[in-house]
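Beneath this line is the structure, given in structure tokens, with notes to follow.
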Amino acid sequence: MPSTAAIIHRRRARRERAAQRGSRVLRGLGSVALAVSAVALALVLIVGIGLSQAYTNYVADLPSADTLEVAFSSSNNEFFQTTKLYDRTGTQLLYEVIDPRAGDRQWMSIDKIPKHFVHATIAIEDKTFFENPGYDLEGIARAFVSNLRGGPVQGGSTITQQLVKNVIIPPGERAEKSYDRKLRELFIAAEVTKRYSKDQILEWYLNTNFYGNLAYGIDAAARVYFGKSAAELNLAESALLAALPPYPAL
């Protein structure tokens with residue numbers, strides 16, 4: 001019969017061999033995990049590089065955000081203002097010439113547009129305007145789900161995206177309902193937000209928005225509907241005009 005010391009020695013030897021086997025297994029698992037991690041990282045890098053290259057190729061063909069500045073420059077007549085004829089003193093307005101094909105277009109700087117009209121427009125059109133980067137992913141997702149469920153058609157476009165559509169996107173493509181057009185709007189809007197201040201974007205938007213009855217821009221709309229400058233609009237009048245752009249034909 002083995003002595004107590006021999007039994008203890010054999011048990012200790014078995015424990016040591018088991019520990020060594022466990023250590024080898026752990027090292028093996030560690031190597032496998034390391035290899036899997038390396039492969040996963042490589043795949044992520046490949047996919048990331050591929051997506052980055054695809055994005056670069058896609059945006060390379062998009063119109064530049066600078067197109068906005070060019071469109072509104074004094075040398076460009078695409079966004080002309082209504083022609084005004086004054087008396088010899090240059091102070092008394094005698095007559096206005098409105099192009100029946102393009103409507104009445106007046107321009108007003110953002111600092112003269114009533115704050116309550118600005119706030120009403122943002123509340124209706126783009127609640128996150130001052131915080132978003134030119135697009136609203138939550139709004140896009142909400143519109144996408146609503147459209148899938150057959151609910152009221154929604155676009156999810158921000159004020160900046162609408163400005164891009166109205167000015168940069170070619171006229172023949174503005175009514176196009178496609179994800180490609182939406183993506184182009186989104187990418188250009190993001191670039192516009194990086195380059196220009198929110199006030200500048202608002203000024204461009206509020207002066208080119210269509211308010212029905214051949215009125216383009218808030219000052220033209222105020223004169224058409226209320227016979228006065230937009231600077232004189234009260235709260236109720238501002239709320240009414242701010243609600244027109246989504247349904248200008250009503």
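What you see is a predicted model, and the numbers here were worked out from it, not measured in a lab. Residues take their numbers from the sequence shown, with the count starting at 1.
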Would you say the side-chain atoms of [X] and [Y] include a donor-acceptor pair closer than 3.5 Å?
{"X": "Gln162", "Y": "Tyr205", "result": "yes"}
{"X": "Lys198", "Y": "Thr193", "result": "no"}
{"X": "Asn209", "Y": "Tyr216", "result": "no"}

Interatomic spacing from [atom1] in [X] to [atom2] in [Y] - rounded to 0.5 Å:
{"X": "Glu138", "Y": "Asn132", "atom1": "CD", "atom2": "CG", "result": "11.5 Å"}
{"X": "Ile122", "Y": "Lys127", "atom1": "CD1", "atom2": "NZ", "result": "11.5 Å"}
{"X": "Thr128", "Y": "Tyr135", "atom1": "OG1", "atom2": "OH", "result": "11.5 Å"}
{"X": "Tyr196", "Y": "Leu163", "atom1": "OH", "atom2": "CG", "result": "10.5 Å"}
{"X": "Asp199", "Y": "Asp111", "atom1": "CG", "atom2": "CG", "result": "9.0 Å"}
{"X": "Ile188", "Y": "Leu183", "atom1": "CD1", "atom2": "CG", "result": "11.0 Å"}

Taking [X] for the side chain and [Y] for the main chain, is one N or O donor matched with an acceptor at less than 3.5 Å?
{"X": "Asp219", "Y": "Ala230", "value": "yes"}
{"X": "Asn213", "Y": "Ala215", "value": "no"}
{"X": "Glu232", "Y": "Ser229", "value": "yes"}
{"X": "Glu237", "Y": "Asn234", "value": "yes"}
{"X": "Ser197", "Y": "Gln200", "value": "yes"}

How close do [X] and [Y] get, counting heavy atoms only, and between which atoms?
{"X": "Gln161", "Y": "Asp136", "value": "OE1-N, 4.4 Å"}
{"X": "Tyr211", "Y": "Pro245", "value": "CE2-CG, 3.4 Å"}
{"X": "Ala120", "Y": "Ser238", "value": "CB-O, 4.4 Å"}
{"X": "Glu203", "Y": "Met108", "value": "CG-O, 4.0 Å"}

Common cluster, Leu202/Ile124, ILVMFWY with side-chain heavy-atom separation under 4.5 Å: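 Not linked; separate clusters.
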Quick check on the hydrophobic clustering: are Leu240 and Leu235 connected, directly or via other members, by side-chain heavy-atom contacts under 4.5 Å?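 Different clusters.
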Starting from the C-alpha separation in whole Å, work towards a yes-or-no answer on side chain to side chain contact (heavy atoms under 4.5 Å, CB included) for Val224 and Leu214. CA-CA 9 Å; Val224 166; Leu214 297 179; over 6 Å; no
Below 4.5 Å, heavy atoms only, C-beta onward: do Tyr225 and Leu241 meet side chain to side chain?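 Tyr225 reaches Leu241 side chain to side chain.
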Side-chain donor-acceptor pairs of residues 112-119 under 3.5 Å, sequence neighbours excluded:
| from | atom 1 | to | atom 2 | distance (Å) |
| --- | --- | --- | --- | --- |
| His116 | NE2 | Leu233 | O | 2.9 |
| His119 | ND1 | Lys115 | O | 3.3 |

With side chain to side chain contact (heavy atoms under 4.5 Å, CB included) as the criterion, how do Lys182 and Ser157 come out once you've worked through the C-alpha distance, each side chain's angles and the decisive distance to 0.1 Å? CA-CA 8 Å; Lys182 284 291 184 183; Ser157 295; 2.6 Å; yes
What residues form a ring-ring contact (aromatic ring centres under 6.0 Å, His included) with Phe129, not counting sequence neighbours?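 Testing Phe129 for ring-ring contact (aromatic ring centres under 6.0 Å, His included), a comparison that skips the adjacent residues, returns none.
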